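As the structure is a computational prediction, the values presented were derived from the model and not from experiment. A note on names: the letters A, B, ... follow the listed sequences, proteins ahead of strands, and every chain is numbered from 1.
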Amino acid sequence: MKKHKIIQILLLIIALSPSILMAQAVEKNSLSLNLKYFNDNNITHHLLVQAKSKIDGKFQTIPNITIQFYIGTEADKRNLLGKRVTNDRGEAIIEIPPTAKDAWLKSPNQNFLVVSTATKQFEAGQGDLAITKAKLKIDTAEGKMITAKMVALVDTIWKPIAAVDVIVGVKRLGGILNANETQTFPTDSATGGVIAEFKRDSIPGDQNGNITIIATVADNDKYGNLSSEMQVPWGKKSLYMTNFDHRTLFARRGHSPIWLELLAYTIVIAVWSIIIFLLFQIKKIKKLGFE
Amino acid sequence: MENLAENKIVLDLLPQKFGKQGQIWVVCLLAICAVGFYAYCRQLYYGLEVTALRDYASWGIYISNFVFFVAISLVGSLITAVLRLTDVHWSTPLTRIAEIIAVSAISFAGLIIIVDMGRPDRFYNLFTHGRLQSPIIWDVIVITTYLFISLLLLYFPLLPDLKIMIAFKDKNGKWLQKLYEFLGSFWKNKPEQFKITDKAINILSITIIPVAFAIHTVTSWLFATTYRPGWDSTNFGAYFISGAFLVGAGGVLIAMYVFRTHYKLEKYITDDHFDKMGKVVVLLALVYLYFNINEFLVPAFKMKKSEEEHLMGLFTGEFSPIFWFAISASMLIPILILVFKKGRKPKWSFFAGILVVVGSWFKRFLIVTPTLLHPFLPMHDVPKNYTTYIPTWEEWAIAGGSLAGALLVITFFARIFPIIPIHETIIETESHEKA
Amino acid sequence: MKTNENSRREFLATTLFAGAALAGCGGNPFTPDEVADVKPSGEMVKLLSVDGEIIEVDKAFLKPVPEMPSVPNSEARVGIPGKKFAMVIDLSRCKSVKKCQSACNHMHHIHPGQNWIKVYPMQESEKTAPYWQPTTCMHCDEPPCVKVCPVDATFKRKDGIVLIDSDRCVGCRFCMAACPYSSRVFNWEEPQIAKEIADKPYSCETSIPQKKGTVGKCDFCPDMVRQGGLPHCVSACPNGVFFFGDILEDSVTNGAETFRFSDLIKDKSGYRLMEDLGTKPSVYYLPPVNRNFPFENNEGEKK
Ligand code: SF4
Ligand code: SF4
């Protein structure tokens with residue numbers, strides 16, 4: 001690890017030796033990389049990193065930073081999951097690729113590492129994360145109850161986990177609408193489960209009245225982010241209506257109100273036929289002149 | 001005897017080469033145009049940044065200039081059509097002056113709109129993507145229509161005069177002769193031809209009135225279709241049209257005086273003409289005053305919160321000097337001058353005409369700018385210079401250039417064609433003598 | 001129970017392999033209503049599952065939607081199907097931190113000095129309470145700005161968003177005159193943006209890059225919404241003033257809290273600005289009662 005860094009710095013010095021004086025003149029900002037793990041519905045999982053730096057006393061997200069994602073604790077080529085560049089929000093996401101299979105199956109705990117090399121403005125950055133593999137499963141019970149079960153891998157067995165805060169609700173754009181007034185439900189020690197009564201009656205669903213219910217664990221120190229979803233027919237059937245194709249004054253070209261079109265076209269046609277008629281009169285005068 | 005008189009009329013009214021004065025005049029106008037053109041090149045290169053227009057005052061003197069041009073172009077329909085249809089004959093010598101003012105003003109109105117656009121290179125979008133719902137499209141349609149009708153109304157009465165011009169082959173240069181022949185070599189003074197032109201002119205006189213009303217009403221709707229205080233008025237169409245007739249008539253007073261003194265046309269544009277035109281201006285000024293009182297008194301009586309700032313800005317605030325100047329220059333003082341018989345003498349009328357036109361220009365400025373600087377939500381979160389509007393030299397140069405350009409068109413027209421219709425004057429005098 | 005689960009997993013795997021939409025079954029990495037909207041891209045990616053198996057998933061169905069190319073203009077003019085966006089701004093939480101503004105300016109590369117989001121110090125009259133009022137474009141349902149645009153450069157979409165096509169705009173500024181909320185700004189000069197951004201093709205949904213001589217305004221960040229995110233102002237506000245959501249889902253969220261839209265408006269007496277003009281804004285305000293912060297206007301001093 002250390003060796004790696006020294007080599008990097010040495011290489012950098014050699015590469016930049018002509019401009020080293022200049023490079024020293026510019027003070028670089030340090031870069032912090034914040035790494036998060038997401039388990040999406042117990043099927044796929046991904047890592048998210050956010051690059052931040054304190055500039056002028058304020059933390060700012062940094063775009064355009066190339067991030068190397070590693071599985072394990074070493075920035076070794078064999079552990080490389082891939083490289084991503086942070087977007088405008090300073091975030092980069094990577095799905096765990098098939099190459100990580102062996103490393104992933106090794107133990108119930110997993111380490112990840114992200115590294116960014118130094119750029120003109122920023123020093124090299126690093127961030128790591130250790131998680132315990134866990135699963136969250138959503139289900140329903142009699143009488144519009146939503147249940148969720150939290151299990152984690154201990155050695156080779158999935159065991160229920162107690163006292164983890166679970167959010168249970170309806171999946172909505174950009175957020176989760178809680179199933180009832182309670183914000184979070186702690187899992188019990190016996191089954192690792194929570195139970196929430198669904199009180200969002202007549203919440204709009206899709207055309208068939210289906211809604212997606214979701215249980216999540218957010219930013220848990222040990223397990224990261226977990227979520228589990230399920231579709232249930234508990235919603236109100238929604239009727240999608242739009243005046244997009246109506247003829248209105250604020251509609252697009254070709255969709256103006258009929259009265260306007262009629263009015264405009266009659267006037268234009270009337271006046272221009274007079275103009276055209278008069279142009280023909282000029283022609284007639286011409287003909288008379290040459291007779 | 002008759003022939004002699006006729007020859008005299010023809011010789012008097014033939015277009016003349018520019019004298020010394022004329023040359024200086026043309027050079028001055030060209031110079032102003034050139035400066036305007038340079039300013040416009042700068043604007044094309046740097047963008048509208050060179051203007052003082054900003055997010056609040058997003059329209060400025062370009063748009064007021066546009067409104068002014070549209071307004072003054074209405075005069076063509078007033079003099080030619082309204083007076084012709086009501087069988088008023090004293091205005092015959094003025095018809096062509098009015099028509100050419102209309103044509104050049106409406107063309108420059110179109111040009112100044114392009115100048116105001118942020119992306120003049122996309123002008124064609126108005127045709128390829130035009131939306132019928134937008135008042136701008138209505139404006140584009142009516143302005144082109146009005147231009148065509150005005151051109152026709154200029155052309156038909158010109159035909160007999162062209163024949164007269166063609167006869168003076170040696171006096172005309174080669175190019176002019178070619179132009180005249182191209183335009184009117186087929187005119188043979190045949191009665192059938194006269195029958196057609198008479199009919200055509202009548203049709204045009206009728207058609208041009210609604211179209212003229214349309215151009216200015218639609219122009220007023222560019223403002224009145226928004227919610228802003230000072231624009232949100234059902235009175236706006238009539239208010240604009242009455243104002244337009246006034247400024248147009250003022251413009252004709254000026255033109256009459258200039259052509260009369262410059263081309264020595266005292267016999268054709270007589271004191272009597274000034275007298276009558278003066279009366280017309282008084283009437284129009286009173287009508288416009290009436291609409292102004294409507295426009296300002298009624299909202300001032302209610303003093304709605306959104307209107308209050310705007311109105312107080314005009315009456316006693318930052319815009320009050322311009323406001324009171326515009327009101328008095330475009331209406332009050334001209335009325336005071338022209339109400340007296342002495343005031344309707346050419347010199348005074350000329351002065352009154354200038355007051356009307358200048359006052360009206362500033363009136364247009366007041367219609368556009370103060371409203372924009374009094375939005376519903378207070379001006380906030382913008383740089384300091386966004387909250388005021390003082391036009392830059394580029395804007396003045398471009399606006400001035402467009403005015404000079406319009407004058408240039410009129411000047412060249414008067415150089416090429418008889419500014420007083422020769423044929424009609426002959427007919428008029430004949431019928432006069434017979435009677 | 002167990003067999004049930006097993007069969008579910010089997011079913012899942014097959015459908016995932018096929019990359020087809022599946023409905024009526026929980027446990028898939030995408031919500032069924034999204035499936036209805038999202039068409040499979042046909043581009044499959046191989047991934048490692050949580051259980052350590054290798055699976056194949058259609059790219060379009062990945063949960064944090066990967067950075068997608070902007071939708072074509074024809075699609076951007078219609079909007080996201082089946083949605084109707086709205087915003088709720090809680091005035092009782094605002095203390096003019098202006099993080100919304102700086103995030104918006106930063107993400108849209110707005111010209112220095114200009115703002116799409118403005119935070120007004122408001123006081124209706126001398127004796128009434130002062131408060132901060134952030135404004136975005138109201139995305140009016142009967143937008144006066146769209147009514148007057150001569151060339152369809154600004155348009156109203158199915159999902160309620162009003163956008164601008166800077167490749168079409170002729171810069172007549174009629175829309176600016178027509179908007180009663182002063183929410184539009186104009187690019188008076190060449191925008192000061194980095195070359196690689198300026199060279200991108202313009203997208204109505206990102207409003208990037210702004211172009212000289214055209215108009216710009218708040219766009220409700222449909223590009224973010226397409227990626228499952230929230231508009232920049234919503235996520236940037238430290239006090240959770242902005243709530244964004246789909247009215248057809250009857251919910252709004254500021255990222256941390258999610259409310260049922262109808263309840264929120266009912267309980268807190270939400271209102272819209274200048275209702276009397278009939279513009280029917282999509283932005284609702286919650287009155288500045290029980291304020292979290294006292295009103296302190298230091299703006300004069302800062303300058
Ligand atoms: S707030 Fe203004 S710009 Fe936005 S939709 Fe309404 S009128 Fe148009
Ligand atoms: S400035 Fe652009 S968007 Fe606004 S009305 Fe004109 S063409 Fe339409």
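Ring to ring, Phe261(C) and Phe243(C) are not that close: their centroids are 6.0 angstrom or more apart.
Heavy-atom distances place no part of Val252(C) under 4.5 Å from chain A, backbone and side chain included. Pro97(A) touches chain C through its backbone: at least one of N, CA, C or O sits under 4.5 Å from a heavy atom, while the side chain does not. For chain A, the nearby part of Asp152(C) is the side chain; its heavy atoms alone come within less than 4.5 Å. The contact between Thr253(C) and chain A is made entirely by side chain atoms (from C-beta outward), counting heavy-atom distances below 4.5 Å. Using a 4.5 Å cut-off between heavy atoms, Asp263(C) touches chain A through its side chain atoms alone. For a residue to count as touching a neighbouring chain, one of its non-hydrogen atoms must lie under 4.5 Å from one of that chain's; by this rule Ser202(A) touches chain C with backbone and side chain alike. The contact between Phe259(C) and chain A is made entirely by backbone atoms, counting heavy-atom distances below 4.5 Å. Only the side chain of Leu230(C) comes within contact range of chain A, with at least one heavy atom under 4.5 Å from a heavy atom of that chain. With a 4.5 angstrom heavy-atom cutoff, Ile203(A) touches chain C via backbone and side-chain atoms both.
Salt bridge status for Asp245(A) with Arg252(A): present, with a side-chain N to carboxylate O gap under 4.0 Å. Between Asp219(A) and Lys36(A), at least one side-chain nitrogen of the basic residue sits less than 4.0 Å from a carboxylate oxygen of the acidic one, meeting the salt-bridge criterion. For Asp201(A) and Lys144(A), the salt-bridge test passes: some basic side-chain N is under 4.0 Å from an acidic carboxylate O.
Donor-acceptor pairing under 3.5 Å is recorded for the side chains of Thr132(A) and Asn109(A). Side-chain contact of Asp165(C) with Asn73(C): a donor-acceptor pair under 3.5 Å is present, judged by distance alone. A donor and an acceptor atom, one from each side chain of Asp40(A) and His46(A), are located under 3.5 Å apart. No side-chain donor-acceptor contact under 3.5 Å links Glu229(A) and Thr212(A).
The candidate with the highest count of non-hydrogen atom pairs below 4.5 Å against chain C, out of Val232(A), Val170(A), Ile176(A), is Ile176(A). For chain A, the option among Val225(C), Asp246(C), Val78(C) with the highest count of heavy-atom pairs below 4.5 Å is Val78(C). Most heavy-atom pairs under 4.5 Å with chain A: of the set Asn254(C), Val45(C), Val234(C), Val146(C), this distinction falls to Val146(C). Ranked by heavy-atom pairs under 4.5 Å with chain A, the first of His232(C), Arg77(C), Glu142(C) is Glu142(C).
In this structure, Lys133(A) fails the cation-pi test against Trp158(A), since its NZ or CZ atom is not both closer than 6.0 Å to the six-membered ring centre and inside 45 degrees of the ring normal.
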